[in-house]
Colleague: 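My questions all concern the structure below.
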Amino acid sequence: MGPEQPANAARGAGTARICYNPAVMKAVILAGGFGTRLRPLTLDTPKPIVPIFDRPFLYYQTDLLRQVPEIDEVILSLNYRPDRIEARVGRGADAGLPVRYVVEPEPLGTGGAIKYASRGIEDTILVFNGDVLTTIDLQEVVRTHRDRHARATIVLTPVENPSAYGLVETDDQGNVRRFLEKPDPEDITCNTINAGIYLLEPETFDRIPDNTPWSIERQYFPSLVERSETFVAYVDRGYWLDIGTPAAYVQAHRDLMRRRCPRGPFASDHATMVHKAGPCDVAPDAQFHGPCFLGAGSVVGPAARIGPETVLGPGCHVGAGAIIEQTILWRDTFVDDDCVVRGAVLGERCRLDHHAEIGPGVILGNDSTIGAHSQVPGTR
Ligand code: GDD
Ligand code: MG
């Protein structure tokens with residue numbers, strides 16, 4: 001450490017103490033990315049409203065935000081397909097918190113988007129990346145931020161390979177010492193990464209230019225370190241997953257169903273391993289291997305075999321003798337008699353004609369049709 005850099009323990013000592021307004025907090029969910037890695041699913045359905053079982057993913061985040069009583073509004077920072085998100089989420093009746101939309105004129109990057117979405121706000125802002133599934137205790141994070149008089153607090157999580165994330169080095173006092181986005185292998189010095197959850201004081205946004213693409217990870221966070229501001233790390237060792245790839249999206253369902261992530265319909269000890277979200281029409285000789293989830297209004301024909309780790313979205317139809325394993329069907333998908341689907345994700349309103357076979361790793365976008373006896377073997 002050079003002489004111009006003060007000891008980490010003294011960080012922020014030169015800056016005025018922050019007076020937090022304990023009564024008010026806004027949450028900003030960054031939800032403007034294109035969701036490229038989840039295509040074709042995200043062509044019609046932006047990542048924040050990709051379903052987990054039968055609810056938009058975003059609601060798993062607003063469920064957490066409701067832990068913090070000061071949060072009185074969720075601001076969705078959008079640019080890609082805001083129409084679709086607004087149509088689904090509305091003013092937030094099902095999210096349990098009032099929801100407001102801020103649509104960027106052009107993608108402003110994570111930093112530019114946070115500044116743009118929080119115009120006029122002076123109180124602490126809780127920021128969530130729109131694609132992280134976690135069991136974090138947000139009230140503990142808020143407490144840490146206030147106790148440490150932080151200008152910024154970042155949640156970290158340990159991962160095996162930090163290369164796809166923001167690597168964050170900390171010191172013994174829990175201050176951030178270095179932030180390195182998507183590090184090269186030779187730069188990986190620890191296993192703690194940015195979990196995509198921050199508490200930020202808007203007075204620090206002065207360094208982000210207005211209406212200019214700016215990265216919170218590559219520009220704003222390193223600038224906090226450079227200027228020795230009180231930038232605190234909160235390490236969470238609970239469940240954490242970025243659902244932004246097809247493999248991770250499937251894994252999220254598996255982890256929820258297997259209770260590795262103890263949230264959602266399978267979370268309680270008494271939960272049945274075959275969860276019906278509403279009335280379903282199930283043939284008496286249909287077989288289920290839990291865990292599996294049946295959305296309201298789904299139909300399962302005679303001698304069909306469903307599961308394990310299978311999700312039928314609301315209104316799905318599975319014909320007689322069909323086999324569906326380790327597969328996620330989005331709502332209103334029709335699988336005809338004697339089809340076999342293993343390890344796939346099928347979007348909304350897909351149609352498989354009888355005896356079609358779909359193999360592991362296949363992802364079909366909304367409204368896809370596969371003809372009778374066709375075989376789509378997959379890559380895994
Ligand atoms: N409004 C807006 N505008 N949102 C954006 C923009 C933008 O220009 N660009 C990205 N986002 C949103 C995405 O929708 C997503 O919710 C979030 O910002 C993060 O973008 P990703 O594209 O998912 O980034 P990542 O997963 O590669 O990396 C980020 O998340 C990791 C944790 O999952 C970084 O923050 C890493 O440091 C972090 O470790
Ligand atoms: Mg991501």
Side-chain angles (χ1 to χ4, degrees), residues 27-39 41-42 45-50 56-58 60-62 74-82 84-86 100-119 125-134 136 152 154-169 176 178-183 187-188 190-198 200 208-209 211-222 224-225 231 233-236 239-249 251-252:
V28 172
I29 299 185
L30 285 175
F34 291 98
T36 320
R37 288 165 290 185
L38 269 180
R39 282 181 186 163
L41 297 170
T42 44
T45 310
K47 203 159 49 168
I49 55 168
V50 157
F57 178 65
L58 185 73
Y60 286 76
Q61 296 186 318
T62 54
V74 177
I75 302 167
L76 287 187
S77 164
L78 305 176
N79 54 63
Y80 175 63
R81 307 287 326 243
R84 301 279 301 186
I85 300 182
E86 263 193 84
R100 177 155 68 86
Y101 301 86
V102 175
V103 181
E104 297 148 46
E106 53 168 331
L108 290 176
T110 45
I114 292 170
K115 178 153 185 183
Y116 190 76
S118 55
R119 283 165 301 162
I125 297 175
L126 195 157
V127 178
F128 236 107
N129 278 358
D131 55 4
V132 294
L133 176 65
T134 153
I136 187 99
I154 183 169
V155 176
L156 309 185
T157 184
V159 295
E160 261 172 42
N161 179 5
S163 59
Y165 306 100
L167 179 91
V168 185
E169 285 178 22
V176 175
R178 185 168 179 235
F179 191 109
L180 190 58
E181 184 66 11
K182 312 281 185 319
D187 289 325
I188 295 176
C190 60
N191 70 346
T192 41
I193 59 121
N194 168 20
I197 303 166
Y198 327 119
L200 306 176
I208 304 176
N211 303 322
T212 306
W214 203 259
S215 167
I216 197 95
E217 298 89 350
R218 295 180 193 274
Q219 293 170 291
Y220 170 90
F221 288 142
L224 291 174
V225 177
F231 183 14
Y234 177 99
V235 181
D236 185 57
Y239 182 90
W240 181 90
L241 183 72
D242 177 335
I243 63 142
T245 64
Y249 174 68
Q251 191 188 330

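Scope of the values below: all heavy atoms of this structure, side chains included, with no hydrogens, waters or symmetry mates. In each ligand, atom 1 is the first atom listed, and ligand 1 is the first ligand listed. This structure is a prediction, so every number in the text was calculated from the model and none was measured.
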Colleague: Verify, without hydrogens or angle tests, whether Gln251 (side chain) and Ala247 (backbone) share a donor-acceptor contact under 3.5 angstrom.
Modeller: no
Colleague: First locate atom CG of Leu108, then atom OH of Tyr116, and finally report the distance between them rounded to the nearest 0.5 Å.
Modeller: 7.5 Å
Colleague: Any heavy-atom pair between the side chains of Leu200 and Val28 that's under 4.5 Å?
Modeller: no
Colleague: Who are the ring-ring contact (aromatic ring centres under 6.0 Å, His included) partners of Trp240, not counting sequence neighbours?
Modeller: Tyr165
Colleague: How many protein atoms of type N/O/S are positioned less than 2.8 Å from the Mg ion (ligand 2)?
Modeller: 2
Colleague: In Å and rounded to the nearest 0.5 Å, what is the CG to CD1 distance from Leu224 to Ile154?
Modeller: 9.5 Å
Colleague: Return the orientation label for the Phe231 and Phe221 ring planes: parallel under 30°, perpendicular over 60°, tilted otherwise.
Modeller: parallel
Colleague: With sequence neighbours left out, write down each residue that passes side chain to side chain donor-acceptor pair (under 3.5 Å) with Tyr249, or none if nothing qualifies.
Modeller: Trp330
Colleague: Which protein N or O atoms sit under 3.5 Å from any N or O of ligand 1? Give each pair with its distance.
Modeller:
| unit_1 | atom_1 | unit_2 | atom_2 | d |
| --- | --- | --- | --- | --- |
| ligand 1 | 1 (N) | Ser77 | O | 3.2 |
| ligand 1 | 1 (N) | Ser77 | OG | 2.7 |
| ligand 1 | 1 (N) | Glu104 | OE2 | 2.4 |
| ligand 1 | 3 (N) | Asn79 | ND2 | 3.3 |
| ligand 1 | 3 (N) | Glu104 | OE1 | 3.2 |
| ligand 1 | 3 (N) | Glu104 | OE2 | 3.1 |
| ligand 1 | 4 (N) | Gly32 | N | 3.1 |
| ligand 1 | 8 (O) | Leu108 | N | 3.4 |
| ligand 1 | 8 (O) | Gly109 | N | 2.8 |
| ligand 1 | 14 (O) | Gly32 | N | 3.4 |
| ligand 1 | 14 (O) | Gly33 | N | 2.8 |
| ligand 1 | 16 (O) | Leu30 | O | 2.7 |
| ligand 1 | 16 (O) | Gly130 | N | 2.8 |
| ligand 1 | 23 (O) | Lys47 | NZ | 3.4 |
| ligand 1 | 23 (O) | Asp131 | OD2 | 2.8 |
| ligand 1 | 26 (O) | Asp242 | OD2 | 2.9 |
| ligand 1 | 27 (O) | Lys182 | NZ | 2.9 |
| ligand 1 | 28 (O) | Lys182 | NZ | 3.3 |
| ligand 1 | 30 (O) | Asn129 | ND2 | 3.0 |
| ligand 1 | 33 (O) | Asp242 | OD2 | 2.8 |
| ligand 1 | 35 (O) | Asn129 | ND2 | 3.3 |
| ligand 1 | 35 (O) | Asn194 | ND2 | 3.1 |
| ligand 1 | 35 (O) | Glu217 | OE2 | 2.6 |
| ligand 1 | 37 (O) | Gly166 | N | 3.2 |
| ligand 1 | 37 (O) | Glu181 | OE1 | 2.6 |
| ligand 1 | 37 (O) | Glu181 | OE2 | 3.4 |
| ligand 1 | 37 (O) | Asn194 | ND2 | 2.9 |
| ligand 1 | 39 (O) | Gly166 | N | 3.0 |
| ligand 1 | 39 (O) | Asn194 | O | 2.6 |

Colleague: Which value, rounded to the nearest 0.5 Å, describes the distance between Lys115 atom NZ and Ile216 atom CD1?
Modeller: 11.0 Å
Colleague: When you measure from the side chain of Thr245 to the backbone N and O of Arg37, does any donor-acceptor pair fall under 3.5 Å?
Modeller: no
